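These figures come from a predicted structure and were not determined experimentally. In what follows, every chain begins at residue 1, and chains take the letters A, B, ... in the order their sequences are listed.
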2 protein chains.
Amino acid sequence: MARISDVAKKAGVSVASVSRALSGLPGVSEATRIRVEAAVKALDYRPDLAARRLRSRRTNKLGLIVSDICNPFFTEIGRAVEDVAYQHRMRVMLCNSDEDPEKEAFYLEMMRDENVSGVILSPTLPLLSGLKTSDHPFPLVLVDRCERDSEVDAVVLDNFDAGFRLTEHLIAQGMRRIVFLYGSAGSTGAQRHQGYLAAMAAAGLAPDAEPIAPRAERAREVVEVLLSRKPLPDALLASNGLILQGVVEAARALGVSFPGEIALAGFDDMPWTRLIEPGITVIAQPTYEIGRAAIELLLARIASPEQAVRRLVMRGELKIRGSSRKTSA
Amino acid sequence: MARISDVAKKAGVSVASVSRALSGLPGVSEATRIRVEAAVKALDYRPDLAARRLRSRRTNKLGLIVSDICNPFFTEIGRAVEDVAYQHRMRVMLCNSDEDPEKEAFYLEMMRDENVSGVILSPTLPLLSGLKTSDHPFPLVLVDRCERDSEVDAVVLDNFDAGFRLTEHLIAQGMRRIVFLYGSAGSTGAQRHQGYLAAMAAAGLAPDAEPIAPRAERAREVVEVLLSRKPLPDALLASNGLILQGVVEAARALGVSFPGEIALAGFDDMPWTRLIEPGITVIAQPTYEIGRAAIELLLARIASPEQAVRRLVMRGELKIRGSSRKTSA
DNA sequence: GTGAAAGCGCTAACAT
DNA sequence: ATGTTAGCGCTTTCAC
């Protein structure tokens, strides 16, 4: 491997000039810059990142720690983050905490060790409570999850509003006994739950909600119990895509038809929600935009570390499909 | 930040002893080791990775470049790789080439720049043809895709066999006019196509296959044309999950029922293939095992670079569901 | 605008 | 078993 001194020799200049030319710093004549570029090409020189980092104490790397890499919501965010990072000549380290606080802590330490410029994180619930930027040696931006009082930059859905509107829609369809199944692992489930409660209260209806651990299998178990008790509720509301999957599995397993015997609705516009007859009504999140906003917030924070904490709240889109259709009682 | 010299001072030993103790090298007394560990804890010392890499010219990082991070097949592989890497105190850089040779080249360069110990890769087709390990400064293991004559370690499904068995199953169900839709972007589609051709030939049936660009949308367009021409074929076979999704979307859009009007089958046991009534017949891949085998192959190659090239071929599992059921003609 | 030289924090070779 | 020390390849003063 060619080193910077080889390039300097070939170009007939000092290593300092090569370094300046390659970093795009001022104080290099056009002639020198051209000679350096030619030498770099001729030798197929690539700067040694380890040396560069050791000396400069900076990196051009960002971290992205998501809580479930298998969730299309987060993969789409990853795509957005990479696209923007790519344009800024930044690199992204993608990590999957798998909803496990220990893994999350491991990756946060890794980010520190790697000396990243900043991190985008969808935190587990334990971490989120009492999260402070000052605990981390790098700028931090939250995605998907944050508390009302989190003192950290964040990009999230308006979960309360989304929960409210989805519930409102079901009520407008004539549903009365609406059961809300919400994820217990993140903050989003709780916030959507609040929206549900508000909408039910506004309509003078009695709420009936159940927290569920974040696995489709678990949701399926709960729903199978629910669906085997008669009379059935009018509707089932799932606070995320995983739970929605469990709900559909359970309905299939027990032969309960929707919207005939029970209406269904949920969150996250996954591909299969359109494929299943007669389509599942969901709140769709502007996923790519959330990701893009997150990295833009992060880059802005890196550029000016002292700016005020910002939170971007995005509105979900209600996609009405067959699963919540009014049925003649 | 504390440096190694601070630890040495605190522990009352030399920096060399600290380095040895931390790297688990021999030549350190138990007493010294304990003193070092105490000093490390007291100072909250973390080795500077950039310095360590610069000096040792090694890293404990692996690269994983997948061609579609949104595909559950690859996310599951990522999970397996991370699990095993974690146990070996290795770190994984996960990258998404998005089926784009340019992005792929970018990430391979990045791996070189980062000085990774090895890379697991699902290559794009252009890269795969003419791939040599000697082109890359790190050990390489292919997953999912490789050619018969690739001189690289690899872990793949037995695609020919899988294509053969899936076709054979449909033939056994009485299907005659079976159309095979296969992905044109990877090598797997072509190999599954070969299996299909062999099975059709063995049964004395005329093959009818069509290559498709790797996007569900594209598959949908092709299938919509196909399904609007009468008479319909007996069955549609999709060579991967994405195409299968497009097939189902098209069938729904045109109101073509399955298995009533046409039988369906495909590859990849995605969650929704079970949810859709009456279930889609697929070849399931041992995804997690493929990922685990890949990193184990890679670690073995890193340990002994000169060993013979190995290829691990895994057998798919045929999951028969309602979509391929024989219907009374 | 350019060059000489110091030194980032660590590992490994060598000495004891 | 332990210490001393020379760099790894680069960036960044500082002097010219």
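Listed pair A:Ser29 / C:dT2 meets the phosphate criterion, a side-chain N or O lying under 4.0 Å from OP1 or OP2.
Atom P of nucleotide D:dG7 and atom CG of A:Leu54 are separated by 17 Å, given to the nearest angstrom. Here C:dC10 presents its C1' atom at 13 Å from CG of B:Asp6, a figure rounded to the nearest Å. Taking atom CD of B:Glu30 as the reference point, atom P of D:dA1 lies 11 Å away to the nearest angstrom. In this structure, A:Asp48 places its CG atom 17 Å from P of C:dG9, rounding to the nearest Å. One interatomic measurement links the two molecules: CG of A:Asp113 to P of C:dG9, which rounds to 15 Å at whole-angstrom precision. Summarising the geometry, the separation between CZ on B:Arg57 and P on C:dT11 is reported as 13 Å, rounded to the nearest angstrom. One atom, CZ of B:Arg53, and another, C1' of C:dT11, lie 15 Å apart when rounded to the nearest Å.
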Determine, step by step, whether B:Val143 and B:Val156 satisfy the side chain to side chain contact (heavy atoms under 4.5 Å, CB included) criterion, reporting the C-alpha distance in whole Å, the side-chain angles of both residues, the deciding distance to 0.1 Å, and the verdict. CA-CA 6 Å; B:Val143 274; B:Val156 293; over 6 Å; no
Could you please spell out the steps behind the side chain to side chain contact (heavy atoms under 4.5 Å, CB included) verdict for A:Arg79 and B:Asp98? CA-CA 9 Å; A:Arg79 188 183 291 246; B:Asp98 228 356; 3.1 Å; yes
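Here salt bridge (Lys or Arg N to Asp or Glu O under 4.0 Å) pairs that include residues 21-45 of chain B, with residues two or more places apart or in two chains, are A:Arg112-B:Asp44. Sorted by first and then second residue, the pairs that involve residues 294-312 of chain B and meet salt bridge (Lys or Arg N to Asp or Glu O under 4.0 Å), not counting sequence neighbours, are B:Asp153-B:Arg301. Residue pairs meeting the salt bridge (Lys or Arg N to Asp or Glu O under 4.0 Å) criterion with at least one member in residues 127-150 of chain B, sequence neighbours excluded, are B:Glu99-B:Arg145. The stretch residues 74-123 of chain A participates, sequence neighbours left out, in these ring-ring contact (aromatic ring centres under 6.0 Å, His included) pairs: A:Tyr86-B:Phe106, A:Phe106-B:Tyr86.
Counting only N and O atoms by type, the side chains of A:Ser97 and A:Ser67 include no donor and acceptor under 3.5 Å apart.
Nearest approach of A:Gly118 to A:Leu298, heavy atoms of both residues: C-CD2, 3.8 Å.
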Using a cut-off of under 3.5 Å, enumerate the N/O to N/O pairs linking the protein to nucleotides 11-13 of chain D.
from, atom 1, to, atom 2, distance (Å)
D:dT11, OP1, A:Arg52, NE, 2.7
D:dT11, OP1, A:Arg52, NH2, 3.4
D:dT11, OP2, A:Ser19, OG, 2.9
D:dT11, O2, A:Arg55, NE, 3.3
D:dT11, O2, A:Arg55, NH1, 2.8
D:dT12, OP1, A:Arg58, NH2, 3.1
D:dT12, O4', A:Arg55, NH2, 3.4

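One axis for each end of the helix from C:dG1-D:dC16 to C:dT16-D:dA1, each built from five base pairs, and the angle between them comes to 30° at 10° resolution.
Mapped onto DNA chain D by nearest heavy atom, B:Gly12 and A:Met1 fall at different nucleotides, with B:Gly12 at the one closer to the 5' end. The residue among B:Arg3 and A:Pro26 whose nearest nucleotide of DNA chain C is located toward the 5' end is A:Pro26.
With hydrogens and angles disregarded, a donor-acceptor distance shorter than 3.5 Å links the side chain of B:Thr287 to the backbone of B:Gln285.
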